[in-house]
Amino acid sequence: MIAGLAGVPAVAQTAASPAPAPAAPPAAMPGGTIRSLTVTGQQRLEPDTVLSYTKLRQGQPFTQESLDQALRDLYETELFADVQIRNDNGALTVEVKENPVINRIVLEGNKRLKEDKIRPEIKLAPRQIYTRSKVRADVARIIELYRRQGRFAATVEPKMVQLDQNRVDIVFEISEGPKSKVRQINIIGNEKFGDGELRSQMVTKQSRWFRIFSSGTSYDPDRLAYDQQKLRQFYLTEGYADFRVISAVAELTPDKQDFIITYVVEEGDRYKFGDVKVESDIRDLSGDTLTKTLPMKKGDWYNAKQVEDTVDTLSETAGLFGYAFADVQPDFNRSKEDLTMGINFRIANAPRVYVERVDINGNTLTQDKVVRREFRLAEGDAFNSFLVKRSKDRINSLGFFQEKLDVEQKPGSAPDRIVLETNVQEKSTGELSLSAGFSSLERFIIAASITQRNFRGKGQELRTSVNYSSYSKSVEVGFTEPYFMDKNIALGGDIYRRDLNSFRYLNNNDRDTTYEQSTTGFQIRAGVPITEYISLALRYSLNFDDITLDRDTYYSDPDGSGPLGLQCDPLLAGRYLCDAIGKRTTSSVGYSLIYDTRDNRIRPTRGQMFVLNQDFAGLGGSVKYVRTRFNAAKYWPLGAGFIFSLTGEGGYIHSLEGERRDATGELVDRIRLTDRFFLGNPQIRGFDIRGVGPRVKRYYLQQQTNEDGSTSYVRLDDRNNRTDDALGGRIYYLARAEVEIPLGSGAREMGLRPSIFVDAGAVAGLRNPSVISHSPGVCADVSTGARTPAVSDGVCPDTNPDPNTSSHTLIIGPFEEEYLGDTLKPRVAVGFGVNWNSPFGPFRIDIAKALLKEPGDDARLITFNVGTQF
């Protein structure tokens, strides 16, 4: 039998209900002497135990009041469901009904909160004695648990299932209800600022349809107190020094679905800064000099945040001179008559501090020296707050520890000694990545890589990777030692094999492989710091390249049996592709000059970076050139988690070889196709891969009959009837402005990083290639396969005497070519993108619209990558 628990409400109560009133005796019981005491109805308890809870004793007198007190005493034990006392001329019989024993606790209806969250809050347990007060307390705890989750409409109804042997099951039927939202935020008393402006300062937001993914629309009492602080902070930054929140009330709507929050505020008068100055008791710090650097001036509107920042700045300035524990106190002089706030920043005298010890805690895998060598301060050095911050940034840039890393400053063994304590929390630095995906650039992708960025805890990096896609394959192994022989010299190397199948578009869905490039090589690198922010990297590379074209597609005599032998046919491939084929060796030496002040090399939020790269090919080998490239970036934190960045890069390659001619004697560009710069997605979004810059487009022609009966040919300019070959360029530039948009903590933990951006760039600078203004087409001999030009547009030569059999077949119809895109005019695209470190590999999707483009450029609105780096 299942029944509601009598006297137990369905919702939590703030206080326990009083014990049930004693049952009325069957008849008036006059006083007298107790002749005997008998207990009936007990099952688990001994009669003497029951009587021990009362003051009734045989032979003693009793009254009606003493009997009532005995009833109350027995009920207060919470061991009995019912108690009665019967009097038969002094023979008292105590009739009891014991509370049942709990067999089990059952939860029903809980979906949003799992049992492992609710069970610890329930104090009742199997084999305990059931009591109403304990059930009410457990109901209140469950209700409170749901309120912490923002579900104020939740109800809990306890039920009791009777079993044999006076046992029961307790069932908590839970109705969770919807999450309580903030329906409305009312502000009373504000005159200087509108409700909307004040609401924008709060963390709590009004529930609206466009905030469906926002967590700020749920009611939270702690957030209510925080919003009061935010309001006060806002008014203080606007000069209202007397502002106060008189009351903040959150009312639950009658349906218990939402909350209405009402703030009553008093703005007060607006103040301006009065006289502001700095007084310093430290001899190395001049108060007059520091006064001149203060950001606030007399007559400016008072700003409490500016005062706080000034205190921090003055403390940091004292720290630069070695005074780690300098005490900066602002003394306020408020004048209500002229509404001014004068401030005197007092810097108390303090001893100059030296570093006594550097402690590193929490590193179990990483060796101490890996962290210690990033410190810009050592034992015995004069304390410098700037160098402490720089040390923190360098340790964060290692990427070995969680981002919440800090260098604490603790007093040493003497007033002029300080201990720098770094508490690190290591994170995984080994990465095993097995991924498969689909990319709009490379179609199907399979990638596997193993990277250990903190190999053996020494800060070394070991990596190996294998990548396979429809158009590229690669195998790479690399190793870097950042401190060779414990000296500040980085040394590393890579060995690799890369196979690339370059492609061009044949139609909207199909691509055609043009040349295949196989590169086998290695690189040796070394780097040394010049200053704290400037470093020099040297490298040597040796590459063996083999570039080939498909014979059946691009050769005039695929099997080489003809009189000319095996030869690339410009009619089929174009001279720019025929010139690319061959084997070559590139031996190059290069350097990089790096200036880097970013606070974090992995996820920078402030600072700047500039890199100049130059590579000289020709130290042996068959290729000779000078390639120069630069990269620059600057980051600004905008507040509230927004990060704005400007990045730019560019390059130029200059050949050191003489004039080059193809097999027909035509002059060709001295920079080979495979050594040029290419531009497109993903470098400049809004365009297709290699979609920007010089290119040759081949358009196929269609015969038509004119009104006068003559025939002519028209260009088929749709994508299904043309090919597009990107040629790259000698010079390029690329610029980007981007704002990273912060998300909630849950989205950050998922690795989601959205951003809006503007990309601009161009690539150009080639010698104009020879293009075919008009070709009648290409025919193939049916017996030998040899390719020859058509005798007229689309008509092949026919030397077979059998009229039923053609001696040649048309493989390429009439066409013409056009050279486009060789200009440095900027291409501009604007868009929105999202980075996601997904469980199956990095994912990037961009939606970008090309605003400025040149004839020949290939635009693309949506691009995405899965399983490859971006």
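All residue numbers refer to positions in the sequence shown, counting from 1.
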Item to check | From CA spacing to verdict: side chain to side chain donor-acceptor pair (under 3.5 Å), Gln614, Tyr591 | outcome: CA-CA 6 Å; Gln614 276 198 312; Tyr591 73 90; 2.7 Å; yes
Item to check | Stepwise side chain to side chain contact (heavy atoms under 4.5 Å, CB included) test for Arg463 and Asp494 | outcome: CA-CA 9 Å; Arg463 60 191 178 278; Asp494 301 282; 2.7 Å; yes
Item to check | Chi angles and distances behind the side chain to side chain contact (heavy atoms under 4.5 Å, CB included) call for Asp615, Val589 | outcome: CA-CA 6 Å; Asp615 291 281; Val589 61; over 6 Å; no
Item to check | Test log, rule side chain to side chain donor-acceptor pair (under 3.5 Å), inputs Asp284 and Tyr323 | outcome: CA-CA 10 Å; Asp284 293 332; Tyr323 300 94; 2.6 Å; yes
Checklist entry - Step by step, would you call Arg223 with Asp227 a salt bridge (Lys or Arg N to Asp or Glu O under 4.0 Å)? => result CA-CA 6 Å; Arg223 196 181 294 156; Asp227 284 336; over 6 Å; no
Next on the checklist: Please evaluate residues Asn396 and Asn600 with respect to the criterion side chain to side chain donor-acceptor pair (under 3.5 Å), reporting the C-alpha separation (whole Å), side-chain torsions for both, the decisive distance (0.1 Å), and the verdict.
Outcome noted: CA-CA 6 Å; Asn396 272 324; Asn600 192 314; 5.1 Å; no
Item to check | Verdict with reasoning, Lys192 to Glu267, per salt bridge (Lys or Arg N to Asp or Glu O under 4.0 Å) | outcome: CA-CA 8 Å; Lys192 305 299 182 182; Glu267 293 179 323; 5.9 Å; no
Checklist entry - Step by step, would you call Ile418 with Tyr354 a side chain to side chain contact (heavy atoms under 4.5 Å, CB included)? => result CA-CA 6 Å; Ile418 189 173; Tyr354 296 86; over 6 Å; no
Next on the checklist: Checking Leu646 against Arg736 for the side chain to side chain contact (heavy atoms under 4.5 Å, CB included) test, could you report, in this order, the C-alpha distance in whole Å, the side-chain angles of both residues, the deciding distance, and whether it holds?
Outcome noted: CA-CA 6 Å; Leu646 286 176; Arg736 176 180 298 123; over 6 Å; no
Next on the checklist: Would Asp312 and Ser315 count as a side chain to side chain donor-acceptor pair (under 3.5 Å) here? Give the steps.
Outcome noted: CA-CA 5 Å; Asp312 293 339; Ser315 298; 5.4 Å; no
Item to check | Chi angles and distances behind the salt bridge (Lys or Arg N to Asp or Glu O under 4.0 Å) call for Lys292, Asp288 | outcome: CA-CA 7 Å; Lys292 295 177 182 178; Asp288 293 338; over 6 Å; no
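Side chain of Arg346 to backbone of Val278: no donor-acceptor contact under 3.5 angstrom is found. Under a 3.5 Å cut-off, the side chain of Asn454 and the backbone N or O of Gly459 do form a donor-acceptor pair. Although no hydrogens or angles enter the test, the distance criterion places no donor-acceptor pair under 3.5 Å between the side chain of Asp406 and the main chain of Glu408. No donor-acceptor pair closer than 3.5 Å links the side chain of Asp275 to the backbone N or O of Gly342. Arg270 places a side-chain N or O within 3.5 Å of a backbone atom of Glu238 that can act as its donor or acceptor partner. Looking at Ser280, its side chain does come within 3.5 Å of a backbone N or O of Leu285 through a donor-acceptor pair. Remark: the backbone N or O of Asn363 is not paired with any side-chain donor or acceptor of Thr366 at under 3.5 angstrom.
In this model, a donor atom of one side chain and an acceptor atom of the other lie less than 3.5 Å apart for Asp327 and Gln329. Side-chain contact annotation: Thr628 with Asn613, donor-acceptor N/O pair under 3.5 Å absent. Between the side chains of Glu738 and Thr647, no donor-acceptor pair is found at a separation under 3.5 Å. A donor-acceptor pair shorter than 3.5 Å cannot be found between the side chains of Glu461 and Thr480. In summary, the side chains of Thr605 and Asp599 do present a donor paired with an acceptor at a separation below 3.5 Å, with no hydrogens or angles considered.
Judged as a ring pair (Phe, Tyr, Trp, His ring centres under 6.0 Å), and not counting sequence neighbours, the contacts of Tyr235 are Phe193, Tyr240, Phe243.
Looking at Lys410 and Glu421, a side-chain N of the basic residue comes within less than 4.0 Å of a carboxylate O on the acidic one, giving a salt bridge. With salt bridges taken as basic N to acidic carboxylate O contacts below 4.0 Å, one links Arg376 and Glu532. In this structure, Lys298 does not pair ionically with Asp300, as no charged nitrogen and carboxylate oxygen lie closer than 4.0 Å. Using a cut-off of 4.0 Å between Lys/Arg side-chain N and Asp/Glu carboxylate O, Asp242 and Lys336 are scored as salt-bridged. Under 4.0 Å is where a charged nitrogen must lie from a carboxylate oxygen, and between Glu279 and Lys277 at least one such pair does. The pair Asp416-Arg352 does not count as a salt bridge, with every side-chain nitrogen at least 4.0 angstrom from each carboxylate oxygen. Salt bridge annotation for Glu356-Arg417: absent, with no cationic side-chain nitrogen under 4.0 angstrom from a carboxylate oxygen.
Atom NZ of Lys272 sits about 16.0 Å away from atom CE of Met296, to the nearest 0.5 Å. Distance OG/Ser286 to CD1/Ile347: 10.0 Å, rounded to 0.5 Å. How far CZ of Phe345 is from OG1 of Thr291: 9.5 Å, rounded to the nearest 0.5 Å. Rounded to the nearest 0.5 Å, atoms CZ (Phe375) and OG1 (Thr422) are 3.0 Å apart. One distance of note links CZ of Arg244 with CD of Gln228; it measures 12.5 Å at 0.5 Å rounding. Atom CZ of Arg334 sits about 10.0 Å away from atom CG of Asp269, to the nearest 0.5 Å.
Taking the side chain as every heavy atom from C-beta outward, Leu224 and Ile261 approach each other to under 4.5 Å. Residues Arg148 and Leu145 form a side-chain contact, since some pair of their non-hydrogen atoms from C-beta on lies under 4.5 Å apart.
Few gaps surround CD1 on Ile534; more than 12 heavy atoms of other groups in view lie less than 6.0 Å from it. Heavy atoms of other residues, nucleotides or ligands lying less than 6.0 angstrom from CZ of Phe332 number more than 12.
Smallest separation of non-hydrogen atoms from Glu426 and Thr364: OE1-OG1, 2.8 Å. Scanning both residues, Pro604 and Tyr635, for their nearest heavy atoms gives CG-CZ, 3.5 Å. In this structure, Gln409 and Val388 approach most closely via the heavy-atom pair NE2-CG1, 4.2 Å. Among all heavy-atom pairs drawn from Ser755 and Glu740, the shortest one is CB-CA, 4.0 Å. When every heavy atom of Tyr271 is checked against every heavy atom of Trp301, the shortest pair comes out as O-CE3, 3.3 Å.
In this structure, Arg685 forms a cation-pi arrangement with Phe757, its terminal cationic atom sitting closer than 6.0 Å to the ring centre and no more than 45° off the ring axis. With a 6.0 Å cutoff to the six-membered ring centre and a 45° limit on the axis angle, Arg606 does not count as a cation-pi contact of Trp636.
In this pair, Phe610 and Phe630 present their aromatic rings parallel. The plane angle is below 30°, not in the 30 to 60° band.
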What donor-acceptor contacts under 3.5 angstrom involve side-chain atoms of residues 481-492, with partners at least two apart or in another chain?
from: Glu481; atom 1: OE1; to: Gln460; atom 2: NE2; distance (Å): 2.4
from: Glu481; atom 1: OE2; to: Tyr483; atom 2: N; distance (Å): 2.9
from: Asp486; atom 1: OD1; to: Lys369; atom 2: NZ; distance (Å): 3.1

